[in-house]
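I have placed the structure first, in the form of structure tokens, so that the comments after it can refer back to it.
All chains are named by letter (A, B, ...) in the order of the sequence lines, taking the proteins before the strands, and each is independently numbered beginning at 1.
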Number of protein chains: 2
Amino acid sequence: MNAFDTREKVTLADVALQAGVSVMTVSRVVNDRPGVGASTRERVRGAISALGYRPNIVARGLKAHRSCTIGLLVPDVTNPYFPEIVRGAEDVAIAHGFTLLLTNVIEDVEREAAALEAFEDRRVDGVIACSPRLSAERLDVLLARHHAAVIVNRRSAPDVAGSVRIDHEQGMRQLIRHLVATGCRRLGVIAGPSHSYAGRERMLGLDRETREHGLDLPDRHVVAEAPTVEGGERATRTLLTRNPSLDALVCFNDLVAAGALLTLAEAGIAVPTDIAVVGYDDIPFARMFTPPLTTIRASTYALGQHAMTMLLERMEGRGRGVDIVLQPELVVRASTRACTDAA
Amino acid sequence: MNAFDTREKVTLADVALQAGVSVMTVSRVVNDRPGVGASTRERVRGAISALGYRPNIVARGLKAHRSCTIGLLVPDVTNPYFPEIVRGAEDVAIAHGFTLLLTNVIEDVEREAAALEAFEDRRVDGVIACSPRLSAERLDVLLARHHAAVIVNRRSAPDVAGSVRIDHEQGMRQLIRHLVATGCRRLGVIAGPSHSYAGRERMLGLDRETREHGLDLPDRHVVAEAPTVEGGERATRTLLTRNPSLDALVCFNDLVAAGALLTLAEAGIAVPTDIAVVGYDDIPFARMFTPPLTTIRASTYALGQHAMTMLLERMEGRGRGVDIVLQPELVVRASTRACTDAA
DNA sequence: TTGAAAGCGCTAACAG
DNA sequence: CTGTTAGCGCTTTCAA
């Protein structure tokens, strides 16, 4: 520690002493409040910069019952789908003077619950839970303890949390329609985690759309796995062993699809000639896969922005019960066959 | 708000009242401290769960001069290189009872400075700055105001911050050696942001290694760009226009290399036959590019773990002046030619 | 225009 | 074993 060390924190009292005034006067100057003479104000300003004073937001928050902090819960930042949401949410938060407390819960339900409680202990002003895996009951109890909450990619009781989500049923229906239109009939499905709300929505769309097309979808064509590249690799091996004649693979997300593509390439199975592959999310790399991936896109940056905006509104007691649903869009690339007129 | 609403925060005093004891007794029970009779302890426990009390960590921190919070500064979570570091750091932090305050500074120097000040205002117990772009002088001033700090991917004055970094000079040398060994002679370089420490280290390795091989590297073969896919696309177009005869492209990172690959594919230039491409970082998707990317790998998860471990040590006043240097490893894939015996 | 007192929720340091 | 006092850094309230 040398003379330039500024680690010992300067307090209002230190500044007050240096400027020869009371702490209240300093507080007024710091907060740009009236009731301080021009000359005093100057003197205090001088002391503040001389001492390198910075207000302690934590102490301020203790009094004001706010932390200017927002808890953001994310399944896994390592999945490129989520960082975009984080950025969208963060940009809005920072613009409003809030800082983000980020927690990765690595697809673990208990870690998710623990994170929500940790947020509470830190008295965050609000929480955004992305794709939570907790059961609706537990999640509601945990979220109800927070001042304000918003859930991303899932619905909730409106007085507990707002929600911003993507119409996954429609997204999945678009995917299936596209596959059918390009001549696929024997679909294999790699479903995501069983507690995934988005996953269930997608399965709903899948069931309905396949039924409308009179397609058969036996249980052995469906495998549930972790929503990762490795999960996709495992699931693809399982599916192909069980059903060598599949002509399309519907993957829970782009990561899973990536695993599928890798496994198919290793096995020497041509995509999309032998088998078509579709993903979900349109992560930034989807266009660079081999072959580029047909998938479903929704603006995740916007998702994050909406979520944070809604949260800020709820924190002020406005906008209760809002449920924003964004429509996703089909992105056709080379992992599916060219459109025939058959459909 | 209904009867189950738990948003109104319960305090120690509330619990004390309910249990008919003093706040100190409750505090002792909450913190599992001795000096409370078994029956009293039970009664207090009952009151705690009846009221759903959770200690306010912020208030506790005000007294103890600690926030149990660590500030993590990241250039851009959207770059797959960083989430792994975040995970490594977070896993260690959580294991020690700390929560992460994460800030993306989107490669913006001013946002970086603002984030470091925001961390200070929140009295974080320590800071980790990943790949900071601030000048050494400004960074040192800002970091010196923190209790403890660690810089990732860059060096610093040991009393200001510890450092954990990758030996980028060696990494780049390995890359160049590999290119030379596979017959490349006319290298084009897409450098990163000019204030990037890692970038300068890599350029150093590049200069030295090319010189040792007697290779010429004129200025017009080097272009600086944003370290993103888009930056890579722009830079590649510029380079190829200026120098149509390049036989290798050395990219600042894998994102840039991705942009290069996309641009080359569009232009109908074959990789690696016409031109070889190398990246840096080995992000998880590098193996899935078209063609799979030759690049440099270092365990970023370990980088994050080391950084946090070092920070925790420094927070306790131990381990001053440590500088951990991790050796990176060459990963050869199909974006470079097969090894000839020419070298 | 300025300041003194009280208190946010909690705990360390002493009483009893 | 249990409680009282004081104070962390700040702001709100009221008085001078």
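When all heavy atoms of A:Gly52 and B:Arg145 are compared, the closest pair comes out as O-NH2, 2.6 Å. Summarising the geometry of B:Leu100 relative to B:Met308, their closest heavy-atom pair is CD2-CE, 3.8 Å, with the distance given to 0.1 Å.
In this structure, B:Ser22 reaches the D:dG3 phosphate: one of its side-chain N or O atoms is under 4.0 Å from OP1 or OP2. When the side-chain nitrogen and oxygen atoms of A:Ser27 are compared with OP1 and OP2 of D:dC10, none of them lie within a distance under 4.0 Å. For D:dT12, the OP1/OP2 oxygens have a side-chain nitrogen or oxygen of A:Arg33 closer than 4.0 Å. Proximity of B:Thr40 to the phosphate of D:dT2: a side-chain N or O atom is located under 4.0 Å from OP1 or OP2. Phosphate contact (OP1/OP2 of C:dT11, side-chain N/O of B:Asn31, threshold under 4.0 Å): present.
A salt bridge links A:Arg111 with B:Asp91; the closest basic N to acidic carboxylate O contact falls under 4.0 Å. A salt bridge between B:Arg45 and B:Asp32 is present, with a side-chain N of the basic residue lying under 4.0 Å from a carboxylate O of the acidic one.
The nucleotide whose nearest atom lies closest to any side-chain atom of A:Met24 is, among C:dG9, D:dT13, D:dC10, D:dT13. Checking D:dC10, D:dG3, D:dC8 against every side-chain atom of B:His65, the shortest atom distance belongs to D:dC8. The listed nucleotides are D:dT2, D:dC10, D:dA6; the one nearest the side chain of B:Lys63 is D:dA6. Of all nucleotides listed (C:dC10, D:dT2, D:dG9), C:dC10 comes nearest to the side chain of B:Tyr53. Comparing D:dT4, D:dT13, D:dC10 against the side chain of A:Leu12 picks out D:dC10 as the nearest.
Look at CZ on A:Arg54: it is 12 Å from P on D:dC10, rounded to the nearest Å. In this structure, A:Arg123 atom CZ and C:dC10 atom C1' are separated by 11 Å, rounded to whole Å. Going from atom CG of A:Leu62 over to atom C1' of C:dA6 covers 14 Å, rounded to whole Å. Whole-Å rounding puts the B:Asn56 CG to C:dG7 C1' distance at 14 Å. A straight line from CZ of A:Arg122 to P of C:dC10 spans 14 Å, rounded to a whole angstrom. Protein atom CG of B:Asp121 is 14 Å distant from nucleotide atom C1' of D:dC10, rounded to whole Å. Distance CG (B:Asp32) to P (C:dT11): 12 Å, rounded to an integer number of Å. Atom pair A:Glu8:CD and D:dC8:C1' shows a separation of 15 Å (rounding to whole Å applied).
Among the atoms of the strands shown, none is found under 4.0 Å from any heavy atom of B:Val30. Note on B:Pro34: nothing from the nucleic acid sits closer than 4.0 angstrom, heavy atoms only. At a threshold of 4.0 angstrom between heavy atoms, the contacts of B:Val58 with the nucleic acid are absent. Residue A:Gly35 is in base contact, counting any heavy-atom pair closer than 4.0 Å across all strands shown.
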Do B:Lys9 and A:Glu120 pass the salt bridge (charged side-chain N to carboxylate O under 4.0 Å, His left out) test, and can you show the C-alpha distance, the side-chain angles, and the key distance before you say yes or no? CA-CA 10 Å; B:Lys9 287 302 168 190; A:Glu120 195 192 338; 2.8 Å; yes

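Donor-acceptor pairing under 3.5 Å, judged by distance alone, is present between the side chain of A:Arg28 and the base of C:dG3.
Of the residues A:Val105, A:Leu143, A:Leu139, the one that meets the side chain to side chain contact (heavy atoms under 4.5 Å, CB included) test with A:Leu134 is A:Leu139.
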